[in-house]
Amino acid sequence: MRIALLQQDILWADVEANHLSAEQAIMRLQAEADAPEMYVLPEMWSTGYAVEPEGIAETDGRSLSWMRRMAELTDAAIMGSVSTAEGGKYYNRLHFVTPPGSPSASYDKRHLFTYGGEHLRYTAGERRVVAEWRGVRFLLQICYDLRFPVFARNHEDYDAIVYVASWPASRRAVWDILLKARAIENQCYVLAVNRVGSDPACRYDGGTTAIDPYGRTLAICPDNTPSSVVIDLDLDSLNRFREKFPVLRDRDQCRL
């Protein structure tokens, strides 16, 4: 499967401008002869990472509607998290949107970033979510989830982990190390999309990357630059590796 990771500079609370920027990035790639089958955007790609969501979180579903339109237009899956207000609560919700007629999914961020106060406004998700698209199974994760390996443990039910993030430049070394660890210990691909630019609280330098099950970097976006990388997942190679070296069979059996 051919997948595009989109490293965006997100304009603070400007939904329309962020829609336009993401659409332009997607359509540039869509114009290529071998267009991607999936596009991944960062955490809270339509607004920036809003720890205080009042007045910023979306109540009308317009970013989800945009994602549905883009999925239909490109015949591809579109992923990214959105600050969402629903039923009097706020959620950091990762949407996995596919073209009409195919199953979509959503995941509410389980590990809220208490150090930054995210838990004071948002409601934590309760479900671990694996979504499938064209024969590939993806575990959906958001930013701070990266620090919790038990929650991400591969129970032989996924082929790749997707992390969408607003991960600050000040902790970039941790991002780089843990992404490789998650790939190696779960014998899977890791697809990680971080933003660049700044918001009222932090600066972001990117590090959007794809890592193979051996922990090797397949592709990485340049730092501090809005850009994209396109990679191909090879499930045949992944399955051969798992059969030859079946470490997942020896994993601890506790699970979330």
Side-chain angles (χ1 to χ4, degrees), residues 5-6 8 10-19 22 38-71 77-98 102-133 137-148 150-152 158 160-168 175 182 191-195 199-202 204 256:
L5 310 180
L6 306 178
Q8 299 287 99
I10 302 167
L11 298 180
W12 181 250
D14 193 337
V15 174
E16 297 306 321
N18 292 320
H19 284 187
M38 190 168 89
Y39 296 91
V40 187
L41 293 158
E43 180 182 22
M44 295 195 191
W45 64 271
S46 62
T47 59
Y49 180 60
V51 175
E52 297 181 355
E54 293 82 0
I56 295 178
E58 296 189 20
T59 60
D60 56 4
R62 53 182 162 160
S63 288
L64 178 57
S65 295
W66 177 91
M67 296 172 79
R68 287 171 174 158
R69 179 174 66 84
M70 293 303 298
I78 311 290
M79 290 184 60
S81 96
V82 176
S83 179
T84 301
E86 181 180 274
K89 296 180 179 180
Y90 296 105
Y91 299 91
N92 186 345
R93 180 164 292 165
L94 174 54
H95 293 291
F96 185 97
V97 180
T98 58
S102 300
S104 296
S106 64
Y107 161 69
D108 293 335
K109 187 176 183 181
R110 176 71 178 89
H111 298 96
L112 301 177
F113 190 47
T114 57
Y115 181 80
E118 188 178 20
H119 67 299
L120 299 176
R121 301 289 200 282
Y122 288 86
T123 298
E126 298 179 352
R127 296 186 303 115
R128 177 181 179 275
V129 177
V130 175
E132 185 170 346
W133 174 237
R137 302 166 300 170
F138 300 93
L139 177 68
L140 310 186
Q141 301 274 273
I142 302 175
C143 203
Y144 192 45
D145 286 331
L146 177 59
R147 289 182 177 267
F148 300 92
V150 175
F151 187 65
Y158 66 78
I161 309 176
V162 179
Y163 289 101
V164 303
S166 292
W167 194 283
W175 167 264
R182 296 297 89 83
L191 310 173
V193 180
N194 194 28
R195 63 162 295 181
D199 62 21
C202 291
Y204 308 91
L256 293 177

Inset, instruction - Keeping the roles fixed (side chain from T98, backbone from P103), state whether a donor-acceptor pair exists under 3.5 Å. - result: yes

Inset, instruction - Could you check if a side-chain atom of M38 sits within less than 4.5 angstrom of a side-chain atom of M79, using non-hydrogen atoms only? - result: yes

Legend entry - Evaluation steps, side-chain contact (heavy atoms from CB on, under 4.5 Å), between H95 and R68: CA-CA 10 Å; H95 293 291; R68 287 171 174 158; over 6 Å; no

Inset, instruction - Check the side chains of H19 and S63 for a donor-acceptor pair under 3.5 angstrom, ignoring hydrogens and angles. - result: yes

Inset, instruction - Check A50 against W12 and note the closest heavy-atom contact, atom names and distance. - result: CA-CH2, 3.8 Å

Legend entry - Validation row: M44, N92 side chains within 4.5 angstrom (heavy atoms): yes

Legend entry - Contact summary for Y158 and A152, nearest pair of heavy atoms: OH-O, 2.5 Å

Legend entry - Spatial distance of atom CG (L64) from atom CD1 (I78) [nearest 0.5 Å]: 12.0 Å

Inset, instruction - Locate the shortest heavy-atom distance separating A22 from W66; write the atom from each residue and the value. - result: CB-CH2, 3.7 Å

Inset, instruction - Quick one: pull up CG in L140 and CZ in R110 and give me the separation to the nearest 0.5 Å. - result: 15.5 Å

Legend entry - Atom CD of E126 with >12 non-hydrogen neighbours under 6.0 angstrom: no

Legend entry - Close side-chain approach of L139 to R128, heavy-atom, < 4.5 Å: yes

Legend entry - Contact check, side chains of Y163 and N194, non-hydrogen atoms, under 4.5 Å: no

Inset, instruction - Rounded to the nearest 0.5 Å, what's the gap from CD1 on I10 to CG on D199? Could you check? - result: 9.0 Å

Inset, instruction - Scan side-chain atoms only and decide if Q8 and N18 contain a donor-acceptor pair under the 3.5 Å cut-off. - result: no

Legend entry - From C143 atom SG to Y49 atom OH, the distance as rounded to the nearest 0.5 Å: 6.5 Å

Legend entry - From CA spacing to verdict: side-chain contact (heavy atoms from CB on, under 4.5 Å), Q141, H111: CA-CA 9 Å; Q141 301 274 273; H111 298 96; 6.0 Å; no

Inset, instruction - Over all heavy atoms of both residues, which pair between A85 and A57 is shortest? Give the atoms and the distance, please. - result: N-CB, 4.1 Å

Inset, instruction - List the steps, then state whether side-chain contact (heavy atoms from CB on, under 4.5 Å) holds for L191 with F138. - result: CA-CA 10 Å; L191 310 173; F138 300 93; 4.1 Å; yes

Inset, instruction - Identify the heavy atoms of I56 and E52 that sit nearest to each other, and give their distance. - result: CD1-O, 4.2 Å

Legend entry - Identified ring pair (Phe, Tyr, Trp, His ring centres under 6.0 Å) partner of F113 from the options F148, W167, Y144: Y144

Legend entry - Donor-acceptor pair between S81 and Y107 side chains, under 3.5 angstrom: no

Legend entry - Minimum side-chain heavy-atom gap V164-V40 below 4.5 Å: yes

Inset, instruction - Starting at CG of D60, measure out to OG of S65 and round the result to the nearest 0.5 Å. - result: 7.5 Å

Inset, instruction - Please round to the nearest 0.5 Å and tell me the distance separating atom CG of D145 and atom CZ of F151. - result: 5.5 Å

Inset, instruction - Work out which heavy atom in S104 is nearest to a heavy atom in V97; give both atom names and the distance. - result: OG-CA, 3.6 Å

Legend entry - Positive for salt bridge (charged side-chain N to carboxylate O under 4.0 Å, His left out) with E43, one of R93, K109, R195: K109

Inset, instruction - State whether the side chain of R121 and the backbone N or O of Y90 hold a donor-acceptor pair below 3.5 Å, judged by distance alone. - result: no

Inset, instruction - Answer whether the closest heavy-atom distance between the side chains of V82 and W45 falls below 4.5 Å. - result: yes

